Every structure is written in C-alpha cells, then in structure tokens.
Colleague: 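Take this structure, written in structure tokens, and hold onto it; I'll ask about it next.
All ligand and atom numbering here is 1-based and tracks the order in the structure. Just so it is clear, the structure is predicted and the values come from calculations on it, not from any experiment.
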Amino acid sequence: MLVVLTSEATTEQRESVLAEIRRLGLSPRLVATPPIITIGGRSASGAQLAAIRNLAGVTEVLAEVPPFPLASRALHSERSRVEIGGVIVGSGEFVIFAGPCAVESEEQAVTIARAVAAAGGHILRGGAYKPRTSPYSFQGLGPAGLKILAAAGHEAGLPVVSEALDEASLELVAEWCDMIQVGSRNMQNYALLRACGRMRKPVLVKRGMAATVEEWLLAAEYVLAEGNPNVVLCERGIRTFSDHTRNTLDLAAVLEVHALSHLPVIVDPSHGTGQRSKVVPMARAAAAVGADGVMIEVHHDPDHALSDGVQAILPAELADLITGLADCIQLAPRPERRAPARG
Ligand code: PEP
Ligand code: MN
C-alpha cells in the first residue's frame with residue numbers, strides 16, 4: 001500500500017500523517033522523493049484507507065501497487081527522459097552508446113571516440129574498472145582510464161559512461177563521467193545501488209545475468225528510493241541453457257519494461273550475443289522492438305583488444321548500422337500503444 005503526499009506537504013504534515021498511520025496499527029516508511037509513504041505488513045481496512053485519504057497533505061492512497069512503486073507507471077504514467085551530458089534518453093530519439101569494452105590507452109580511446117562521433121554515435125562508453133571472470137585478465141586502467149575516457153569524450157564532443165565496481169570506484173566514476181554504469185554482476189549489490197542513488201549523475205542499471213524483470217526493476221528502485229530519479233535500464237542478455245551465444249538476449253524484456261515502468265531501456269547486443277556477426281542484426285531488432293537505444297562495443301583493432309575483442313564491431317560497421325536504423329525504428333510500437341498506467 002502506498003500513500004502519496006503533495007509535494008508541498010510540510011514536515012509537520014508528513015509527521016502527522018506518519019503518526020496517524022501508526023496509530024491505526026500499520027507500519028509506514030517515508031520515501032523522500034517524490035514524497036510517498038509505503039506501508040508494509042498487514043493490509044489496511046476500507047475504513048483505514050478512507051481515514052488516511054482524508055489527512056492533510058495526502059493526495060492519493062493506492063491499495064494495489066507493484067513492489068517497485070517509484071519505477072512503476074502507477075505514480076508516473078509519462079515516460080521518463082534522462083539527460084546524460086546533454087543527450088536525452090527516453091525522448092523517442094534512439095540513442096547510440098558506443099565505444100571500447102575497456103579503455104586501453106589514450107591513443108586507442110581517442111581513435112575510437114572520434115570514430116564513434118563520426119559514425120553518428122551519441123555517448124562514448126569505456127570501462128576503466130573491468131569485472132573480469134579471471135583475476136589474471138586485464139582489469140582496466142582504473143583512475144587513469146577514467147581520465148583518458150573523459151579526455152577522449154571531450155575531444156570527440158561526446159558525453160561518457162563507465163562502470164563503477166564498488167563504492168570507492170563510484171566516487172571517481174561520478175567525478176569523471178556523465179553517467180555511472182552498474183554492471184550485470186553488481187545488479188544485486190544493494191549497497192552500491194543505494195550509493196548511486198545518492199549521486200547526482202544518471203545511472204545505467206544493467207540487468208543481472210540471472211535476474212527477472214521484476215528483480216531488475218527492484219534494483220532500479222534502490223537508486224530511485226535514495227532520491228536519484230535519473231535511471232536508464234540496459235538489457236544485456238541472461239544465462240540460459242542455450243549456448244550458441246554468450247548470453248540469451250531477451251528482447252521481449254524491452255516490451256515488459258515499457259509496460260511496467262516509465263524508465264527508459266536500452267539494449268546491449270555485444271554482451272547479449274558475444275559474437276561480432278550477431279551484434280548489428282540484434283541492434284536492429286532492438287530498435288524494432290522499441291528500445292530507447294543500444295550500447296555497442298566498438299574497436300578499431302579488435303584482434304588486439306585487451307577485452308571482448310571477439311564481440312567488438314569495427315567503426316565502419318557502426319556507421320553502417322546507424323545509417324540504416326531509421327527503417328527499424330519505424331517498426332517500433334508507439335509509446336501511446338504501450339500498456340496504460342493504472343486505470
Ligand atoms: C560492460 O558493459 O562493460 C560489461 C562488463 O557488461 P555486463 O555488466 O553487462 O557484463
Ligand atoms: Mn565488454
């Protein structure tokens with residue numbers, strides 16, 4: 001159950017609503033932005049609901065809400081737009097995030113950044129902290145990598161996004177980048193998600209490789225509940241019995257997210273397939289299903305990439321993809337035909 005307060009509700013009004021709900025024998029919890037009170041535990045009677053609805057400062061009482069109220073369309077029927085260094089995701093324009101899996105050197109990052117900008121990409125990606133399966137694999141350049149990425153983005157005129165692995169790297173990513181990425185392996189790192197919620201930079205929440213859509217939206221809820229409304233989701237494939245691709249790219253999840261949530265969702269066909277030849281077709285499919293953008297790994301010399309070279313496409317392939325995307329975007333379901341908000 002959820003109690004929605006007016007944004008003008010005074011501290012005294014909030015406190016007295018909380019006290020009154022407690023007096024009714026219920027257990028309320030205040031979530032600051034937007035001002036709502038969640039009530040867990042036993043459900044309220046009709047008389048209790050009516051009493052709460054009449055309190056000063058209360059606009060609405062919702063008996064049935066999804067477990068992720070802030071991410072859901074129940075309180076926010078319009079689709080959210082998230083600004084990343086001047087680029088808006090969720091406006092209806094398809095946004096291309098592209099760049100190397102990992103920042104390897106200044107020369108590599110600047111070469112790829114220029115190629116991404118020339119191809120028509122909008123946001124430069126590049127990992128400085130790499131969560132590698134083997135502790136002996138290249139782990140990223142750390143703080144030096146972030147500085148190189150920021151400089152390459154500046155040089156190419158592109159905002160930048162990079163992954164934070166823990167709370168220490170989060171501070172640096174938030175300082176040097178326009179967007180903070182939470183990777184698949186950290187989607188259930190609730191301390192990290194909460195810390196991202198206290199940052200002012202937008203957050204890209206990648207789907208956990210074994211997470212349901214509900215668990216993924218609950219991860220976003222952790223960020224939103226701490227007061228950061230700027231969350232973009234990223235479908236990057238899940239683990240299934242199918243072994244012809246690195247992961248199974250779940251494009252139907254885009255439709256599900258758009259039906260349940262106001263948050264924008266992009267697709268990562270690079271980690272979703274793990275194979276260069278499948279990246280462009282799946283990026284086209286992501287556009288056709290209505291994703292708000294794609295995130296693609298690009299390398300000018302993939303055979304010598306320090307990570308994920310086999311799934312990196314060449315800059316010319318990125319340029320081709322972007323040139324031909326308009327036809328795919330045309331096929332996407334119109335936002336107004338998506339499931340309506342609570343009726
Ligand atoms: C990445 O985008 O660099 C990455 C490591 O992806 P994921 O967290 O989806 O595996
Ligand atoms: Mn990668």
Colleague: Could you check which of Arg236, Met295, Arg125 puts a non-hydrogen atom nearest to atom 2 (O) of ligand 1?
Modeller: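 Selected option, by shortest heavy-atom distance: Arg125.
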Colleague: Can you confirm whether Asp178 sits close enough to Val87 that some side-chain heavy atom of one is under 4.5 Å from a side-chain heavy atom of the other?
Modeller: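 SC-SC contact between Asp178 and Val87 ruled out.
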Colleague: Just need the protein heavy atom nearest to atom 8 (O) of ligand 1, so name the residue and atom and give the distance.
Modeller: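 Protein heavy atom at minimum distance: Ser184 N, 2.8 Å.
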Colleague: Which residue supplies the protein heavy atom nearest to atom 6 (O) of ligand 1, what is that atom called, and how far is it?
Modeller: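 So the nearest neighbour among protein heavy atoms is Lys206 NZ, 2.9 Å.
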Colleague: Looking at ligand 1, does any of its N/O atoms fall within less than 3.5 Å of an N/O of Glu163?
Modeller: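 N/O-N/O distance below 3.5 Å does not exist for this pair.
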Colleague: Look at the side chain of Arg125 and the backbone N and O of Cys101, then say whether any donor-acceptor pair between them is shorter than 3.5 Å.
Modeller: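 Yes; at least one donor-acceptor contact below 3.5 Å.
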Colleague: Taking only heavy atoms of Gly183, which atoms of ligand 1 are found under 4.0 Å from at least one of them?
Modeller: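 Going through ligand 1 atom by atom, the ones under 4.0 Å from Gly183 are 8 (O).
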Colleague: Could you give the distance from CD (Glu297) to CD1 (Ile112), rounded to the nearest 0.5 Å?
Modeller: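 Rounded to the nearest 0.5 Å, the CD-CD1 separation comes to 10.0 Å.
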Colleague: Before giving the answer on salt bridge (Lys or Arg N to Asp or Glu O under 4.0 Å), spell out for Asp308 and Lys130 the whole-Å C-alpha distance, their side-chain angles and the decisive distance to 0.1 Å.
Modeller: CA-CA 11 Å; Asp308 284 350; Lys130 295 305 304 174; 5.6 Å; no
Colleague: Run the contact test for Met209 against ligand 1 with a 4.0 Å cut-off on heavy atoms, strictly below, and give the result.
Modeller: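 No heavy atom of Met209 comes that close to ligand 1.
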Colleague: Identify the heavy atoms of Leu5 and Val58 that sit nearest to each other, and give their distance.
Modeller: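 Where Leu5 meets Val58 most closely, the heavy atoms are CD2-CG2, 3.9 Å.
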Colleague: Where is the tightest heavy-atom contact between Ala253 and Val213, given as atom of each residue plus distance?
Modeller: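 Heavy atoms of Ala253 and Val213 come nearest at CB-CG2, 4.1 Å.
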Colleague: Within rounding of 10°, what is the angle whose vertex is the Mn ion (ligand 2) and whose arms end at NE2 of His271 and SG of Cys101?
Modeller: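 His271 NE2 and Cys101 SG form an angle of 160° at the Mn ion (ligand 2).
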Colleague: Closest N/O/S atom of Asp308 to the Mn ion (ligand 2), by atom name?
Modeller: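 Of the nitrogen, oxygen and sulfur atoms in Asp308, the Mn ion (ligand 2) lies nearest to OD2.
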Colleague: Would you check the N or O atoms of Asp268, main chain and side chain alike, for any that come under 3.5 Å of an N or O of ligand 1?
Modeller: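 It does not: no N or O of Asp268 is found under 3.5 Å from an N or O of ligand 1.
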Colleague: Of all N, O or S atoms in Glu297, identify the one at the shortest distance from the Mn ion (ligand 2).
Modeller: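 Relative to the Mn ion (ligand 2), the closest nitrogen, oxygen or sulfur of Glu297 carries the name OE2.
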Colleague: What's the spacing between Leu260 CG and Arg73 CZ if we round to 0.5 Å?
Modeller: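 Taking CG in Leu260 and CZ in Arg73, the distance rounds to 9.0 Å.
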